[in-house]
Protein chains: 2
Amino acid sequence: MVQKTGKPGSEPKRRGRPRAYEPDVALGKALDLFRKGGFAATSLDDLSAATGMNRPSLYGAFGDKRELYIKSYQRYRDDARAALSEVFRSELSLRKRLERIYAVALDMYLSGEDGPKGCFTVLTAASDAVHDPAIRAMVIDALSELDKAFARCFRLAKDKGELPEAADPVALGQLGSATIHTIALRARAHVPRKELEAIVRNAVGVMCGTAAK
Amino acid sequence: MVQKTGKPGSEPKRRGRPRAYEPDVALGKALDLFRKGGFAATSLDDLSAATGMNRPSLYGAFGDKRELYIKSYQRYRDDARAALSEVFRSELSLRKRLERIYAVALDMYLSGEDGPKGCFTVLTAASDAVHDPAIRAMVIDALSELDKAFARCFRLAKDKGELPEAADPVALGQLGSATIHTIALRARAHVPRKELEAIVRNAVGVMCGTAAK
DNA sequence: GGAATTTATTGCGAAATGGTACAAAAAACA
DNA sequence: TGTTTTTTGTACCATTTCGCAATAAATTCC
C-alpha cells in the first residue's frame, strides 16, 4: 500500500533539486588535495575546483574546512585499512606476507595523477597534528593500529615456527612500522620505486632473520 | 696607518642606524616557527612577532618568505649535522655509539618551548617538498646524508669485528635511518619519550644483532 | 653641521581566504 | 497551479596575507 514511495525497497523520492555531485567521489577528490597540500596550503577554491562544488555546497555537504579535512583523513584511513587488512590476514609465509604488505603500501604512496604523495598519516596529518588535538589523536590511533597489526603478524609467524623463540614480535612490529614510515617519507620526496623496493627487501630480510646480519 | 678604521683588525665602523636584531638569533626563531608550522601556515605576522622584526626588515635581512624558509631549513640541517657528526665519529662501541646518536636525535625532536616539533626534514620539509623542487632537493640530500653516515658507521663496526662478515652496512644503514624517521614522526605526535626510548632500544638491539631475533 | 648610509617604522595596495546570505533552479507533493 | 523542499549559483563580507614605498631615525664620515 506504499506504491507511492518510488522504487520498491528504496528510499522515498527525494524532494528538491537533485545533487550535482557524488559525496563519495567528492570526498575522494578532497582527500587527494589535502594529502598533497595539507590543511593550510589547500584553499577552498582548490577544493571547489577539484570537487566541482561551489563553496556553499561544500559547507552543506561536509561542514567547514576543518571538518572536511577530518572526514578526508578518516576516509584515507578506512581505505588504507581495507587495502592492508586482507594482506595482514593472509595465509602466506612471513616473508611473502611482508612483501605483499609493502607492495600494497608502495602502490598507495606512489599513486597520484600528478606524482607520488606519500602517506596521509606520516606526511600530512602528523604535520597538521601540531595545531589540532583531534587530528593528533587520529594520528596516534593510526600509528598504534599499524604497530599492532605488525606485532600480530610477527606473533603469528613465531607461533608457526617461522621465527625463533627469542624473537620479540613487538620489537619487530616497530621495525615493520618504521619501514612503512621511511618508505612513505622517501616516496614523498620522489625517491624512485626501485630504491624503495631495495629498502623494503633489506628490511624484510632483517625482519625474517635471513640477511644483513 | 689605518688608525681611522676603528678597532684594530676589525671591520670599519658600520654607518647607518644600528640593527635592532641579531641575524643568527632571528633565523633561529624563524626556524622554530617554520619547523612547527610549515611554509603555508606560518605567516609573516607570526615571523615578525617571533623575531621582533617588522616585515620590511625581514625582507631586507632574509629575502622573501620562501627564501627565509630555505635559509631556516638550511640552518636546521647545519645544526643537526654539527650535533650528530661528532657522535657518528666517536670511538665508542657500536652499541654505545648508536645509543648516543639516538639520544641526540631524541633531544632534538623533543625540544621546543611549546612542545615537541619532530624533525624539520621528516615532518616539515618533506611535506613542503611537494610544492617546491628546491626544497625537495634539500630533503633528498638530507636523507642521503643520513643513510651514508649510518652506513659508514656500520662499515666501521664491521671492520672492527663488531658485526659478522655477512652484515650489510647499507641495509643496516637504511634501518638506522628508518628508526630516526619513525621516532621523529612519533615525537611530532607527542608519543612520550619513554616509548620512543623503548623503540630505540629495540632497534639498536636488532642492528647490533643481540635482540629481537 | 650637513651629507651619506643603513635600518626601523608606518601605512598601504592587491590579492587571497574562509564563510555566509539570498535568490534562483529543480524536484516532489497536494 | 501553487507550495514545500533541497540544492545550486552568485555576490558579498570581513579578515588575512604578502610584498613594498616613503619617511623617519640613528649612526658614520667629511
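Hydrogens, waters and symmetry mates are skipped; everything else that's a heavy atom, side chains included, is used. Just so it is clear, the model here is predicted, and its values are computed rather than measured. Letters go in sequence order (proteins before strands), and every chain restarts at 1.
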With DNA chain D as reference, determine whether B/Gly16 or B/Asp46 sits nearer its 5' end, using the nearest nucleotide of each.
B/Asp46
Per nearest nucleotide of DNA chain D, the residue lying toward the 5' end, B/Leu44 or B/Pro18, is B/Leu44
Per the salt bridge (Lys or Arg N to Asp or Glu O under 4.0 Å) rule, what does the pair list look like for residues 143-154 of chain A, sequence neighbours excluded?
A/Arg77-A/Glu145, A/Arg81-A/Glu145, A/Asp147-B/Arg186
Can you run down the salt bridge (Lys or Arg N to Asp or Glu O under 4.0 Å) pairs that involve residues 128-140 of chain A, sequence neighbours left out, and say none if there aren't any?
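Sorted pair list: A/Arg66-A/Asp132.
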On a heavy-atom basis, which atom in A/His181 and which in A/Val122 lie closest, and how many Å separate them?
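Minimum heavy-atom separation between A/His181 and A/Val122: CD2-CG2, 3.7 Å.
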With no hydrogens and no angle check, do the side chains of A/Ser48 and A/Asp45 hold a donor and an acceptor under 3.5 Å apart?
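Per modelled atom types, A/Ser48 and A/Asp45 side chains form no pair under 3.5 Å.
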Matching residue for B/Phe39 among B/Tyr69, B/Phe120, B/Tyr73 - test: ring pair (Phe, Tyr, Trp, His ring centres under 6.0 Å):
B/Tyr69
Contact list please: residues 53-67 of chain A against DNA chain D, heavy atoms, distance less than 4.0 Å, in numerical order.
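Hits under 4.0 Å, by residue number: A/Asn54, A/Pro56, A/Ser57.
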Remember a base hit wins even if backbone is also touched, and classify A/Ser48 as base, sugar-phosphate or nothing at under 4.0 Å, heavy atoms.
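A/Ser48: no heavy atom of the nucleic acid under 4.0 Å.
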Aromatic contact between B/Phe150 and B/Phe88, with the criterion being ring centroids under 6.0 Å apart: yes or no?
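Yes; B/Phe88 has its ring centre under 6.0 Å from that of B/Phe150.
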Selected nucleotide, minimal atom distance to A/Lys13 side chain, candidates C/dA28, C/dT6, D/dT8
C/dA28
Has the side chain of A/Arg15 got a donor or acceptor that lies under 3.5 Å from a partner of the other kind on the base of D/dT4?
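Checked by distance alone, the answer is yes.
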